[in-house]
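As structure tokens, the structure follows; a few thoughts come after it.
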Number of protein chains: 2
Amino acid sequence: MTKNLTPMIQSCVMHFGEMGSRWGINRTVGQMYALIVLNEAPLCADDIAEALGFSRSNVSMGIKELLSWELIKLQHLPGERREFYSAPGDVWDIAKTLIEQRRKREIDPTLSTLRNLLIEEPANAGEEYAQQRMREMYELIEMLTQWTSEIQRLDSAKLGKLLKLGSSIGKVLDLKDKLLSR
Amino acid sequence: MTKNLTPMIQSCVMHFGEMGSRWGINRTVGQMYALIVLNEAPLCADDIAEALGFSRSNVSMGIKELLSWELIKLQHLPGERREFYSAPGDVWDIAKTLIEQRRKREIDPTLSTLRNLLIEEPANAGEEYAQQRMREMYELIEMLTQWTSEIQRLDSAKLGKLLKLGSSIGKVLDLKDKLLSR
DNA sequence: CTGTAATTTCAGTACTTTCTGAAATTACAG
DNA sequence: CTGTAATTTCAGAAAGTACTGAAATTACAG
């Protein structure tokens, strides 16, 4: 397993494997993705299988999953019959996709479940309390989602500018408070 | 299993069980937590075991985990020998704890790994490229973490105010841009 | 078309995680 | 202390997930 990888890339790949498994992503898919991201040239399934020592079929499933998350795209290389895969060149694009996909898979179903439970009539005091908490959750999640989607709308240039300005949300909000209270 | 739960609470508990398993949290711990959050009165281990139909020992492990995440706190009820557990009364406190804990367990180790790999001298062009991407990741993650921790500093009152004002980050940022460019 | 390379599917196995019951430990009332 | 209630631990069973190799399918050069 793990042929032809320098220790540096090896370490990074392994780390993202471990991290992947703490998210929904499984360990081998995490490793595969790190490998693709860290490699300038697109990779084909055989490259990945060889570099990480996985079976060809496992790589095939991993690619399928990464494609379904829209984290890699397929491309054909001139003179090559095999299919090659690469990650977006901009890290912020990757992050945006991850956020977006996790929202779709985790947040949206939760909001929908809560919404359905909130329109029911509470049958007793216990349900009334439960509904109150659900309502708070619903509002909080919705608000955080809203904020996140605002941030997602920024392109990396703007994001970088904000970073370099050293602007923190706190300062921005203070600014806004002052502005609004005049 | 699942005794004495009304359908409404049942549904919510089950949903958070499913969602929990998509996060690092396991299904039964997710269910346990939903139950505790939705219940106004603190619950003891037996209550939980009975309500959800889990073994007593499973509940004990779940409680241990929730305590380690600081998502519940232990309390003694007058005249009761058993130990009772409850979740914070404010949903935003729960969310802040979740964000904080996930940062500790997922983001911090990643930042530390990346930092270590970035101080190494690249051995060839491939490593140089890989390091460049790692640097971009590092900076992005650090920035998002910073923003998140700013938001976490807000208390729920302030958060609620912002929500009700209908303020979106986009608008706030536009405001800031205008302010700064004068 | 035909033959071969590339990819995907899938049943079975290996591995990991979760859950349980029994035993051990701890906590405390009397 | 002693006895009992409450909790925790832990080895093994059960459940769930990931991985593989073999076979099937697809893609395409000639």
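Side-chain atoms are counted along with the backbone in the values below, which use heavy atoms only and exclude waters and symmetry mates.
Base pairing of C:dT18: its partner is D:dA13, meeting the Watson-Crick or G-U wobble criterion (both donor-acceptor distances under 3.5 Å). As the counterpart of C:dA11, D:dT20 is assigned, both hydrogen-bonding distances of the Watson-Crick or G-U wobble pattern falling under 3.5 Å. The pairing partner recorded for D:dA29 is C:dT2, the criterion being a Watson-Crick or G-U wobble arrangement whose two distances lie under 3.5 angstrom.
Tested against B:R103, the residues B:D108, B:T148, B:T145 include a single side chain to side chain donor-acceptor pair (under 3.5 Å) partner, B:D108.
In the set D:dC28, D:dC19, D:dT20, D:dC28 carries the atom at the smallest distance from any side-chain atom of A:R81.
In this structure, B:N26 does not reach the D:dG16 phosphate: none of its side-chain N or O atoms is under 4.0 Å from OP1 or OP2. Taking only side-chain nitrogens and oxygens, A:R27 comes nearer than 4.0 Å to OP1 or OP2 of D:dC19. Contact annotation: B:K64 reaches the phosphate of D:dT9 (side-chain N/O to OP1 or OP2, under 4.0 Å). For C:dT7, neither phosphate oxygen OP1 nor OP2 lies less than 4.0 angstrom from any side-chain nitrogen or oxygen of A:S57.
In terms of hydrophobic clustering, with Ile, Leu, Val, Met, Phe, Trp and Tyr side chains grouped at heavy-atom distances under 4.5 Å, B:I63 and B:M61 are assigned to different clusters.
The nearest whole Å value for the distance from the OH atom in B:Y85 to the P atom in D:dT8 is 5 Å. Protein atom CD of A:E83 is 10 Å distant from nucleotide atom C1' of D:dT26, rounded to whole Å.
Other residues, nucleotides and ligands contribute more than 12 heavy atoms inside 6.0 Å of the CZ atom of B:R56.
Within 4.0 Å of A:R56, counting heavy atoms only, lies at least one base atom of the nucleic acid.
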